[in-house]
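Starting from 1, each residue takes its place in the sequence as its number.
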Amino acid sequence: MFLNADDKTYLEPDISVICDKSKLTDKGCCGAPDWVIEIVSAGSRAADYYKKLMKYGSAGVREYWIADYEKKHILVYNFEQDTVEEYSFSDRVKAGIYEDFEIDFSGLNIE
């Protein structure tokens, strides 16, 4: 995705939700998605927690989740509400940008 609707800031999130169809082109997403989820790996830890957090927040992403298996938590950054919440892998996590959508992490078989 070209985060700032230009050809300069290109990122590949693990999961993204784009509600504005006009942002989708043959090249991918041009502009900030509404919601991004990054799944942390050893090689992506610094990028997910720092670099991407700053880029997503300044580009207009509405909500950013960091799912970290090693730390057994999910950090939820709601940039519209200017909040950060931490959840465990045994919680149900509500998406702040939707009225009635949540992910039940307790149902995942993570060993």
Side-chain angles (χ1 to χ4, degrees):
M1 104 178 105
F2 295 96
L3 191 58
N4 296 316
D6 59 26
D7 288 338
K8 296 178 183 173
T9 307
Y10 182 79
L11 295 172
E12 291 184 20
D14 293 314
I15 301 169
S16 62
V17 175
I18 299 112
C19 298
D20 182 353
K21 290 181 184 181
S22 71
K23 291 182 180 180
L24 299 174
T25 69
D26 291 339
K27 293 170 97 177
C29 178
C30 291
D34 294 277
W35 181 17
V36 172
I37 301 173
E38 292 288 0
I39 301 165
V40 176
S41 65
S44 73
R45 182 168 301 283
D48 292 339
Y49 276 98
Y50 303 106
K51 179 183 173 186
K52 290 182 178 182
L53 172 64
M54 300 312 252
K55 287 185 182 284
Y56 292 144
S58 65
V61 170
R62 296 168 59 198
E63 191 161 340
Y64 176 44
W65 292 19
I66 301 173
D68 191 327
Y69 175 74
E70 186 177 302
K71 293 184 178 184
K72 304 281 194 257
H73 73 196
I74 302 100
L75 290 176
V76 175
Y77 293 86
N78 185 320
F79 294 120
E80 291 182 322
Q81 304 295 320
D82 196 29
T83 61
V84 180
E85 296 184 60
E86 183 176 345
Y87 299 90
S88 75
F89 280 1
S90 62
D91 291 327
R92 298 173 74 100
V93 183
K94 183 183 178 316
I97 65 170
Y98 296 109
E99 292 282 326
D100 58 352
F101 184 79
E102 65 183 14
I103 297 176
D104 184 358
F105 284 88
S106 69
L108 299 177
N109 188 11
I110 300 175
E111 302 272 336

(Q) Using side-chain heavy atoms (C-beta onward) and a distance below 4.5 Å, is Ile74 in contact with Ser88? (A) no
Q) Would one find more than 12 heavy atoms of other residues, nucleotides or ligands at under 6.0 Å from atom CG of Asp82? A) no
Q: Quick one: pull up NZ in Lys94 and OH in Tyr87 and give me the separation to the nearest 0.5 Å.
A: 9.0 Å
Q: Could you check whether the rings of Tyr64 and Phe79 sit parallel, tilted or perpendicular, using 30° and 60° as the cut-offs?
A: parallel
Q.
Would the distance check show the side chain of Glu63 and the main-chain N or O of Gly96 forming a donor-acceptor pair, the cut-off being under 3.5 Å?
A. yes
Q) With under 30° as parallel and over 60° as perpendicular, where do the rings of Tyr98 and Phe101 fit, or are they tilted in between? A) perpendicular
Q: Return the minimal non-hydrogen interatomic distance between Gly60 and Ala32, and the atom names on each side.
A: C-CB, 3.8 Å
Q: Establish, for the pair Lys52 and Tyr50, whether the NZ or CZ atom is under 6.0 angstrom from the six-membered ring centre and no further than 45 degrees off its axis.
A: no
Q: List the atom of Leu11, the atom of Leu3, and the distance in Å for their closest heavy-atom pair.
A: CD1-CD2, 3.7 Å
Q: Taking the side chain as every heavy atom from C-beta outward, state whether Ser44 and Glu38 have any pair of such atoms under 4.5 Å apart.
A: no
Q. Roughly how far, to the nearest 0.5 Å, is SG of Cys29 from CZ of Phe2?
A. 10.0 Å
Q. For the hydrophobic clusters of this structure (ILVMFWY residues joined by side-chain heavy atoms under 4.5 Å, transitively), does one cluster hold both Ile15 and Val76?
A. yes
Q. Taking atom CD of Glu80 as the centre, does the number of heavy atoms from other residues, nucleotides or ligands within less than 6.0 Å exceed 12?
A. yes
Q. Taking the side chain as C-beta and beyond, is there a heavy-atom pair between Leu75 and Glu86 under 4.5 Å?
A. yes
Q: Could you state whether Val84 and Val61 fall into the same hydrophobic cluster, counting links through intermediate Ile, Leu, Val, Met, Phe, Trp or Tyr residues with side-chain heavy atoms under 4.5 angstrom apart?
A: yes
Q) Are Val93 and Tyr69 co-members of a hydrophobic cluster defined by side-chain heavy atoms under 4.5 Å apart? A) yes
(Q) If I take atom CD1 from residue Ile97 and atom CG from residue Asp34, how far apart are they, to the nearest 0.5 angstrom? (A) 5.0 Å
Q: Please tell me if the side chains of Ile66 and Tyr77 come closer than 4.5 Å, counting only heavy atoms from C-beta onward.
A: yes
Q. Using 30° and 60° as the class limits, which term best fits the ring planes of Trp65 and Phe105: parallel, tilted or perpendicular?
A. tilted
Q. Under a 4.5 Å cut-off applied to non-hydrogen side-chain atoms, are Asn78 and Thr83 in contact?
A. yes
Q | For Ile39 against Asp14, the heavy-atom pair lying closest together | A | N-OD2, 2.6 Å
Q. Considering only heavy atoms from C-beta outward, does the side chain of Val17 approach that of Pro33 to under 4.5 Å?
A. no
(Q) Suppose we screen for salt bridge (Lys or Arg N to Asp or Glu O under 4.0 Å). Which residues come up paired with Glu70, at least two apart in sequence or across chains? (A) Arg45
Q) Do Tyr49 and Val36 share a hydrophobic cluster, counting only Ile, Leu, Val, Met, Phe, Trp and Tyr and linking them when any side-chain heavy atoms are less than 4.5 Å apart? A) yes
